There are 2 protein chains.
Amino acid sequence: MTCDITIKDVAKEANVSVATVSRVLNGLDRVSDQTRKKVLKVVKELNYVPNTMAASMITKQTQMLAVVVPEIENPFYTSVIKGTVNVAKEKGYHTFVFSTNDSESEEDAFFESSLRRNVDGIVLIGAHKDPEFYQKMNKPVILVDRYIDGCGLDGVIIDNFGGAYEATKYLIEYGHRDIAIITGPQTFNDGTERHWGYQQALKDNGIELVNDYQKHGDWFENNGYQSTKELMKLTKPPTAIFAANNLICQGTIKALRDLELTIGLDVSLVGFDANDLAEFVKPRVSVVKRPTYEMGTHAAEMLIEKLKQVDKHDSFPKKVTLGVELLKFGSVKYLG
Amino acid sequence: MTCDITIKDVAKEANVSVATVSRVLNGLDRVSDQTRKKVLKVVKELNYVPNTMAASMITKQTQMLAVVVPEIENPFYTSVIKGTVNVAKEKGYHTFVFSTNDSESEEDAFFESSLRRNVDGIVLIGAHKDPEFYQKMNKPVILVDRYIDGCGLDGVIIDNFGGAYEATKYLIEYGHRDIAIITGPQTFNDGTERHWGYQQALKDNGIELVNDYQKHGDWFENNGYQSTKELMKLTKPPTAIFAANNLICQGTIKALRDLELTIGLDVSLVGFDANDLAEFVKPRVSVVKRPTYEMGTHAAEMLIEKLKQVDKHDSFPKKVTLGVELLKFGSVKYLG
DNA sequence: TTGAAAGCGTTACCAC
DNA sequence: GTGGTAACGCTTTCAA
């Protein structure tokens, strides 16, 4: 548990040179079995733990990654974090978790800080909208969930369009035509693609788009809550709502509860992404489920793979799209 | 955004020595205004970012902290993390987040890893039960939520006993006598103190303890769910339940819902710690609220304060207890 | 197979 | 005020 034992102490105690100790510990060069054992014994006796920072100065590798997310209290992000951290741990990397509050300037702070230098690569759910920001990365970066076209980076995203399309189509198939969407800003692909999927499903089924049925706010619960209240106040309220992320969906559920409207009876509802409330209420709310944990594991694997590629011929950016699944429960009324 | 500019490049470009550049950047020694400006200009032009690892090798300080928690997906812990990280950021520290899955061996892995060496101090919600583990820390550590007596470390905890006592007393005052508790293991003070508070309140009011009414499992939702079902199957089921943490409470709420029992009517319920479901259901569930975010901020402040104390005369361990608040809603039936 | 020594990018001490 | 340089703990040639 001590910290002040250095490689020199080990070398002295084992009657070998520091070079030999280093070789034993890193196992690259070969060392006679005898000296190896001797060194290892002393290492254990002295409880020696190498100073990785000193090593990093030479090798230019830290065995540390960073995962940068907009918000550490959103369960979606913690799930991605968990996936990333677990894979990283497995492969011998430590992971920094950094939360930006979805602010460009806080994200800048991370990238300008020395911290950035201390990591070998980054899993990033970015706050920046401009491709330029991403183009000037000089470290391996894997974008997750949000992908900025033309940024030149690898990414792991999900089928936002497909998920939204399926969700909307499902409502249409159950006879709904007055279908609202509550979604976040159109800043990133998540927002635009889900909105687009919703619109396309309506168009494909000959249903006209109604402006009042399309609510854009932020991605937080209160947007879901307020927007739902506004929707239900319309002269002709929608018969179904598509809530485009986990928190918005929770807000919608709360609003409907407060309006004393029964889900699946008075109003039909489909959410995007699992959430506590959707699973709790009866009838359970249908949602588009996405592989959150796997987004993290996938990103970490891609990142570490990239780190290993010694031949750094800037290959073309690789974008992996993971599929989603529509889970149908009783929250959608059949209108015939 | 480049990383390969060193202090030497700056020195050369500015026609000064590296020592001077270092002085300008660290601002300790004094430098003439003229050279200071010259150096600062070059620093900006070259986009120089100091290599903090190299500095750390000399100063033995990294400006990095670690916050070690049992589980990153429990909202209680993310709230503590957020508090810690925010204060740390404010004071110029970066923070590592490390999740142990509440396993002693994973916690060992953290403390044995070189990572530990790279941080100046640690905010710890420990998995270890033995004081010995904590005694051999050779870094400043602040224990949060769980405190091991005799460990010799500082800690930030909450009034578990008082919270549980108040919750139980509240049930008693509303006329309940058949009061059950669903709680976690007695491993740490959180479990023992809450259980003790429950028992003491009953005793103080002349109510006999019933073994069947005291359920011990883990701190997860499923324990709340299963234990509630068992309780309600008893020949004489309790009229009220005290759920001793956030996840257990969620489990209890789900079980009562599945049993088609109405909270506050068929069964009364008080939780410990806020949670999504308790806030959602009608009537809203009364809970003992604790200052989760503040536990994090407090711990970070104490830790950084400790780091600044040059005179490291091992002072007596300092244990700070933060108060809790009983929030009363409609989940408790008045039995007269 | 092993050791000596040159760095890695800083800080801190000692001169001037 | 400023510059030279040893030192931090390690890896990695280059010789032996």
Side-chain angles (χ1 to χ4, degrees), chain A residues 2-40 42-43 46-64 92 113-120 310, chain B residues 2-40 42-43 46-64 92 113-120 310:
Chain A
T2 28
C3 257
D4 35 13
I5 304 281
T6 75
I7 196 170
K8 278 185 192 166
D9 302 318
V10 177
K12 196 183 291 173
E13 186 71 21
N15 279 315
V16 295
S17 70
V18 290
T20 301
V21 178
S22 175
R23 273 189 280 257
V24 169
L25 260 28
N26 296 303
L28 303 170
D29 245 323
R30 72 186 139 186
V31 188
S32 81
D33 238 38
Q34 197 186 343
T35 46
R36 143 167 290 109
K37 274 177 189 156
K38 188 168 55 178
V39 168
L40 254 25
V42 173
V43 163
L46 298 185
N47 228 308
Y48 167 64
V49 178
N51 183 332
T52 49
M53 287 194 307
S56 300
M57 291 195 55
I58 317 261
T59 61
K60 305 294 177 195
Q61 299 201 343
T62 62
Q63 298 296 111
M64 302 204 283
S113 84
S114 61
L115 185 57
R116 199 250 326 233
R117 139 104 45 76
N118 297 344
V119 299
D120 293 342
V310 266
Chain B
T2 30
C3 259
D4 36 14
I5 304 280
T6 75
I7 197 170
K8 280 185 190 167
D9 301 317
V10 177
K12 197 183 289 173
E13 186 71 20
N15 279 315
V16 294
S17 71
V18 290
T20 300
V21 178
S22 176
R23 273 190 282 255
V24 170
L25 262 28
N26 295 304
L28 304 170
D29 244 321
R30 64 185 146 183
V31 188
S32 82
D33 239 36
Q34 198 185 343
T35 45
R36 145 167 287 110
K37 275 176 189 156
K38 189 168 58 178
V39 169
L40 253 26
V42 174
V43 163
L46 298 184
N47 228 308
Y48 167 67
V49 178
N51 184 331
T52 48
M53 288 193 306
S56 300
M57 290 194 58
I58 316 266
T59 62
K60 306 291 178 200
Q61 300 200 344
T62 62
Q63 297 297 112
M64 302 203 284
S113 85
S114 60
L115 185 58
R116 200 252 323 234
R117 136 105 44 77
N118 297 343
V119 301
D120 292 342
V310 267

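All figures in this text were calculated on a predicted structure; none of them were measured in a lab. Below, chains carry the letters A, B, ... as their sequence lines are ordered, and counting in each starts from 1.
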Tell me the closest heavy-atom pair linking A:Val16 and A:Val39, and the distance in Å.
CG2-CG2, 4.0 Å
At 10 degrees resolution, what angle do the end axes of the helix from C:dT1-D:dA16 to C:dC16-D:dG1 form when each is taken over five base pairs?
40°
Mind listing the closest non-hydrogen atom pair of B:Lys60 and B:Asp120 along with its distance?
O-OD1, 4.3 Å
With the side chain counted from C-beta on, respond yes when A:Leu46 and A:Val10 share a heavy-atom pair under 4.5 Å apart, and no when they do not.
yes
Chain A footprint on DNA chain D, 5' to 3' - any atom under 4.0 Å from a heavy atom
D:dG9 to D:dT12
For a quick test of your reading: what N or O donor-acceptor pairs under 3.5 Å do the side chains of residues 18-25 of chain B make, sequence neighbours left out?
unit_1	atom_1	unit_2	atom_2	d
B:Thr20	OG1	B:Ser17	OG	3.2
B:Ser22	OG	B:Asn26	ND2	3.3

Kindly give the heavy-atom pair with the smallest separation between B:Asp9 and B:Asp4, and that separation in Å.
OD2-O, 3.8 Å
Give me, pair by pair, the N or O atoms of the protein and of nucleotides 9-11 of chain C that are less than 3.5 Å apart, along with how far apart they are.
unit_1	atom_1	unit_2	atom_2	d
C:dG9	OP1	A:Lys60	NZ	3.3
C:dG9	N2	B:Ala54	O	3.4
C:dT10	OP1	B:Tyr48	OH	2.7
C:dT10	OP1	B:Asn51	N	3.2
C:dT10	OP2	B:Ile7	N	2.7
C:dT10	O5'	B:Tyr48	OH	3.3
C:dT11	OP1	B:Asn26	ND2	3.1
C:dT11	OP2	B:Ser22	OG	2.6

Which pairs with one or both residues in residues 30-40 of chain B pass side chain to side chain donor-acceptor pair (under 3.5 Å), sequence neighbours excluded?
B:Ser32-B:Thr35
Of all residues at least two apart in sequence or in a different chain, which pass the side-chain contact (heavy atoms from CB on, under 4.5 Å) check with B:Thr59?
B:Gln61
If we only count heavy atoms from C-beta on, is the B:Thr52 to B:Met64 side-chain gap below 4.5 Å?
no
Grab the two heavy atoms, one from A:Gly92 and one from A:Gln63, that are nearest each other, plus how far apart they are.
O-NE2, 3.3 Å
